[in-house]
Number of protein chains: 2
Amino acid sequence: MGSSAKEEARIADALCKAVLERKLAPGSKLPEEELAQIFRSNRAKIRRVLLLLSRSHIVTLEPGRGAFVSRPSPQEARDVLASRRLIEVSLLARPYRKLSAQGAERLRRIMTQEAQAHAAHDAIAMIYLSGQFHLTLIEELGNKVLKSITGELILRMSLIITMYERQNTTCCLSSDHHDLLELLGAHDYAEASALMARHLEGIESCLDFHREPATTTILSQILQPLKD
Amino acid sequence: MGSSAKEEARIADALCKAVLERKLAPGSKLPEEELAQIFRSNRAKIRRVLLLLSRSHIVTLEPGRGAFVSRPSPQEARDVLASRRLIEVSLLARPYRKLSAQGAERLRRIMTQEAQAHAAHDAIAMIYLSGQFHLTLIEELGNKVLKSITGELILRMSLIITMYERQNTTCCLSSDHHDLLELLGAHDYAEASALMARHLEGIESCLDFHREPATTTILSQILQPLKD
DNA sequence: AGGCTTGATATTGTAAACAATAATGGTTGA
DNA sequence: TCAACCATTATTGTTTACAATATCAAGCCT
C-alpha cells in the first residue's frame, strides 16, 4: 500500500502537464478539496503536492487563501529566460561529450513525432515534444542534473509564454531543431550553439512584457480529463 | 498565528546551515520526533520541512523508514560539479551586466570577512563566506534565478565534499577570490572566467570518488546548539 | 552455536475532527 | 442607491488519535 509517493507524483505530473499544455492559466485558484475529488485522492496528499509545486515556482501558496498557479513577474520572466539561454547555449558550445549515435537517434525520433504533430496541427503535442527535444539534448550532451534544472525552467517558461505571448505568433520553430541536429551530427558545436541562441531569442521575441493579461481561469472542466 | 511558513523556513535554514558547515554528515538519520523536540516544533511542520528538503536533494526520504541526509553517488557528484562549473564559468565569460561599483563593494566586504575568518582559523565561517562570495557574484553579474539554482548546487556540493574529500586538503582558496575580483574590476571577463574554471577545478581535484566513507553520524549533540 | 522466527517497541504514515481564517451575501442605515 | 457592517458559508490550517510498517531483541529450533 505504500505507493503514496507514486500517487503524488502522478498528481504533480498531471498538474505540470496541464501547465505545460497551457490549460491551467496563471492565477487560477487550486482548491484542495476540488483537486482531491478530481484526482480521487484526499486533501493531505493534494496538500503535499501543492507544497512541492510551490518549491518549483509553478504554484504560489498564499497563507490563509490557498494555492494558485503562479504568475511570474516580468522580471522573473526575464531571469528565467536568460538562465535557460545561458545553460543551453553554453552547453552546446562546450558539451561534456560528443553526441553519440544513439543520442542522435533519440533526437531524430522526437523530431519525427514533432513533424507528425505539426502535420496534425496538434499544438499541444508540439509544445510537449519541443520540450522533450531540448531536455534530451541536454541529457545527451550534458547530464541529469542540468536536465532537471532545465526541466523546471521550461515549465516556468510555459507560464511565462501563456502570460506574455503576443497574439498571432507561433513560438518554437521545429525547423530549428532539424538544423540543430544536423550541425550536431557534423560536430559543429560552435555553430550549433549560435543557432540555439537564435532559437531561444526567437521565442523571447514573441513576448511582450507590457501587457498584464487577465487569463485567470476556470478549473473544473479543464482538469476533468486528467483524472485518468 | 499564521507565521508557520516562517518557522518552517527557520528550521529548513538551520538544517541547511548544518549541512553547509559539514556538521550533518551524509547518511545521518533525521527522526521526526527528535527534530520536533530540538526545534521546539511539532511533527507536522518537521514533516513539511523534510519534504521540501528532499526536493532540493539535501534529504532523502525512504518510505516507511524515514528521512536521511542524502548521500550523493559519485555520478551525481560529478554532475553537480559539472553543472555548477558550467553556470559560473559561462556567466563570467558573458555576464548579463558589468560589475557595478556597489557590486564590487559587496564582494569586497565578503572578502574582508573571509580574511578575518582565515586569520581566526574559523573553517566553518570560511566555508559559509566562500559560498556567499560566489552567490553574490552570480547575483551581480547574472540574476536571482541563477543565484537560487547555484545556491542549491552549492548545498549539494557540501555533501559531496564531506563524502569524498581527500584527507589533508584545503579546498576553496580565498586568494582566488581576490584575484577574481581584481580581474572583474578591470572588466577582463575572459580571464576571470578562466580563473573561475581553474578555481572550481581546484576544488574538484581535492575529491576522490573511489573511497566510500562511513561518516554516518549522530544527531542530537550536533544539532543541539541550533535550537536558537 | 547460529540462523530463523516471533513478539515487543519505536517510528512513520494516514485519516478525521476541530479551529482559524478568508470570501460571500444579505441587511441596514444614511 | 450605495456603502458599510455583520452573519453565514466555505476553505484552509492544525492537532489529535490511530493504523501500518520497520527495527530490534529474545527465544526457539535445527
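Reminder, nothing fancy here: chain letters follow the sequence lines and each chain counts from 1. Atoms considered below: every heavy atom in the structure, side chains included; atoms not considered: hydrogens, waters and symmetry mates.
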Protein and nucleotides 23-25 of chain D: nitrogen or oxygen contacts under 3.5 angstrom:
residue	atom	partner	partner atom	Å
D:dT23	OP1	B:Arg65	NE	2.3
D:dT23	OP1	B:Arg65	NH2	3.3

Is B:Lys29 close enough to C:dT12 that one of its side-chain N or O atoms is under 4.0 Å from OP1 or OP2 there?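 Result: yes.
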
I want to check one thing: is the phosphate of D:dG13, taken as OP1 and OP2, less than 4.0 Å away from some side-chain N or O of B:Ser4? no

B:Leu137 and B:Phe133, any side-chain heavy atoms less than 4.5 Å apart: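 Heavy-atom side-chain distance check passes, below 4.5 Å.
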
Beyond-backbone contact of B:Ile46 with B:Asn42, side-chain heavy atoms, under 4.5 angstrom: no

Any salt bridge linking B:Glu105 with B:Arg109? Criterion: basic side-chain nitrogen under 4.0 Å from a carboxylate oxygen. yes

Using a strict 4.0 Å threshold on nitrogen-to-oxygen distance, state whether B:Glu8 and B:Lys45 make a salt bridge. no

How many whole angstroms separate atom [atom1] of [X] from atom [atom2] of [N]?
X: B:Glu62; N: C:dG13; atom1: CD; atom2: C1'; result: 15 Å
X: A:Glu33; N: C:dA16; atom1: CD; atom2: P; result: 12 Å
X: B:Arg43; N: D:dA17; atom1: CZ; atom2: C1'; result: 11 Å

Hey, which sits more toward the 5' end of DNA chain C by its nearest nucleotide, A:Asn42 or B:Glu32? B:Glu32

Residues that [X] engages under side chain to side chain contact (heavy atoms under 4.5 Å, CB included), provided they are two or more places apart:
X: B:Gln102; value: B:Ser100
X: B:Arg65; value: B:Glu62, B:Phe68
X: A:Lys147; value: A:Leu135, A:Ile138, A:Glu139

Any residue in residues 45-58 of chain A with a heavy atom nearer than 4.0 angstrom to DNA chain D? Just list them by number, or reply none.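 DNA chain D contact set from residues 45-58 of chain A: A:Arg47.
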
Can you list the residues that meet the ring pair (Phe, Tyr, Trp, His ring centres under 6.0 Å) rule with A:Tyr128, with sequence neighbours excluded? none

Classify the nucleic acid contact of B:Ala44 as base, sugar-phosphate or nothing, counting any heavy atom under 4.0 Å across all strands shown.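 It contacts base atoms.
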
